[in-house]
**Student:** 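Before anything else, here's the structure in question.
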Amino acid sequence: ATFSAGITATTGTFSSKVTANGAAATAGLAVAADGSVLNAIQIQDTRALAADVGNALVFQALQDGAGTLGTTAAIVSGRSNATSGNTQGYLSFLTGRSGGLTEAVRFTDTGAATFSGNLGLPLGAIIDFSSRGNITHNASTYDIAFNTNSLANAFVVKGTGDATFSGNVGVGVTPSA
């Protein structure tokens with residue numbers, strides 16, 4: 001089916017590809033937009049104002065030979081609070097695990113990311129704190145170095161377990177100014 005004007009559907013099934021705004025029918029659902037970030041696809045929740053109210057985009061796949069669909073992952077959005085006029089929200093990614101979906105990562109309204117498991121980085125990765133410094137990993141020696149904006153290798157944990165410091169190290173002393 002192809003739509004060139006607005007359509008509202010509460011129930012229904014389409015047995016072919018669905019397109020909107022003249023999009024090419026290259027997928028099950030294709031939507032063409034004018035490039036505006038808020039003008040492509042909107043999923044709206046009209047339930048009463050409350051925290052953790054929002055929507056989800058749910059992904060499913062066959063889970064057995066009988067054709068039963070099972071949910072494998074979801075992207076969930078929700079309100080951070082129940083304050084009228086406040087649009088702060090979060091975006092959460094859930095992955096299928098034994099027994100159901102588990103939140104893998106959540107991006108809060110402040111932009112912070114919370115991971116529910118280990119955060120895997122490729123060998124040799126750099127975690128950069130803009131001009132404040134970084135943490136580097138040496139893929140060949142397994143050293144992890146903490147660098148400040150003015151001092152490389154301020155603190156290095158060697159792959160052997162040894163540690164090196166640049167500058168003074170005081171244990172049980174009051175630091176001087």
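Hydrogens, waters and symmetry mates play no part in the numbers below; they use all other heavy atoms, side chains included. Residue numbers count from 1 along this sequence. Model, not experiment: these values are computed from the prediction.
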**Student:** If you look only at pairs with a residue in residues 149-165, which of them pass as a salt bridge (charged side-chain N to carboxylate O under 4.0 Å, His left out), with sequence neighbours excluded?
**Tutor:** D143-K158

**Student:** Let me check something: any side-chain donor-acceptor pairs from residues 48-70 under 3.5 Å, sequence neighbours excluded? List them with distances.
**Tutor:**
| unit_1 | atom_1 | unit_2 | atom_2 | d |
| --- | --- | --- | --- | --- |
| D52 | OD1 | Y90 | OH | 3.0 |
| N55 | ND2 | I43 | O | 3.1 |
| Q60 | NE2 | T71 | OG1 | 3.2 |
| D64 | OD1 | A66 | N | 2.9 |
| D64 | OD1 | G67 | N | 3.2 |
| D64 | OD1 | T68 | N | 3.0 |
| D64 | OD1 | T68 | OG1 | 3.3 |
| D64 | OD2 | T68 | OG1 | 3.1 |

**Student:** Distance check, rounded to the nearest 0.5 Å: D109 atom CG versus S80 atom OG?
**Tutor:** 3.5 Å

**Student:** Looking at V156, is its backbone amide N or carbonyl O close enough to the side chain of N153 to form a donor-acceptor pair, meaning the two atoms are under 3.5 Å apart?
**Tutor:** no

**Student:** I'd like to check the side chain to side chain contact (heavy atoms under 4.5 Å, CB included) partners of T87; sequence neighbours left out, ordered by chain and number.
**Tutor:** none

**Student:** Under the salt bridge (charged side-chain N to carboxylate O under 4.0 Å, His left out) definition, can you give me all pairs with a residue in residues 112-133, not counting sequence neighbours?
**Tutor:** none

**Student:** Just to verify, what does A152 make a side chain to side chain contact (heavy atoms under 4.5 Å, CB included) with, not counting sequence neighbours?
**Tutor:** N147

**Student:** Is the ring pair H137/Y142 parallel, tilted or perpendicular, if the boundaries are 30 and 60 degrees?
**Tutor:** tilted

**Student:** Knowing that exactly one of I127, N134, I135 qualifies, which makes a side chain to side chain contact (heavy atoms under 4.5 Å, CB included) with F146?
**Tutor:** I135

**Student:** Kindly indicate whether the side chain of L91, heavy atoms from C-beta on, has any atom under 4.5 Å from the side chain of I75.
**Tutor:** yes

**Student:** Sequence neighbours excluded and cut-off under 3.5 Å, please list the side-chain donor-acceptor pairs for residues 110-119, or say none.
**Tutor:**
| unit_1 | atom_1 | unit_2 | atom_2 | d |
| --- | --- | --- | --- | --- |
| T110 | OG1 | T108 | OG1 | 2.8 |
| S116 | OG | E103 | O | 2.6 |
| S116 | OG | A104 | O | 3.3 |

**Student:** Please name all residues satisfying side chain to side chain contact (heavy atoms under 4.5 Å, CB included) with T83, sequence neighbours left out, ordered by chain then number.
**Tutor:** N81, N86

**Student:** Return the minimal non-hydrogen interatomic distance between A139 and G124, and the atom names on each side.
**Tutor:** CB-N, 3.9 Å

**Student:** Starting from L94 and following side-chain heavy-atom contacts under 4.5 Å between hydrophobic residues (I, L, V, M, F, W, Y), which residues can be reached?
**Tutor:** V76, L101

**Student:** Does L123 sit in a hydrophobic cluster with other residues, and if so which ones, taking ILVMFWY side chains as linked at heavy-atom separations under 4.5 Å, directly or through other members?
**Tutor:** none

**Student:** Would you mind listing every salt bridge (charged side-chain N to carboxylate O under 4.0 Å, His left out) that reaches into residues 83-95, with sequence neighbours excluded?
**Tutor:** none

**Student:** Got a sec, which residues hit ring pair (Phe, Tyr, Trp, His ring centres under 6.0 Å) with F165, two or more places apart in sequence or on another chain?
**Tutor:** F155

**Student:** With R47, which residues qualify under salt bridge (Lys or Arg N to Asp or Glu O under 4.0 Å), at least two apart?
**Tutor:** D45

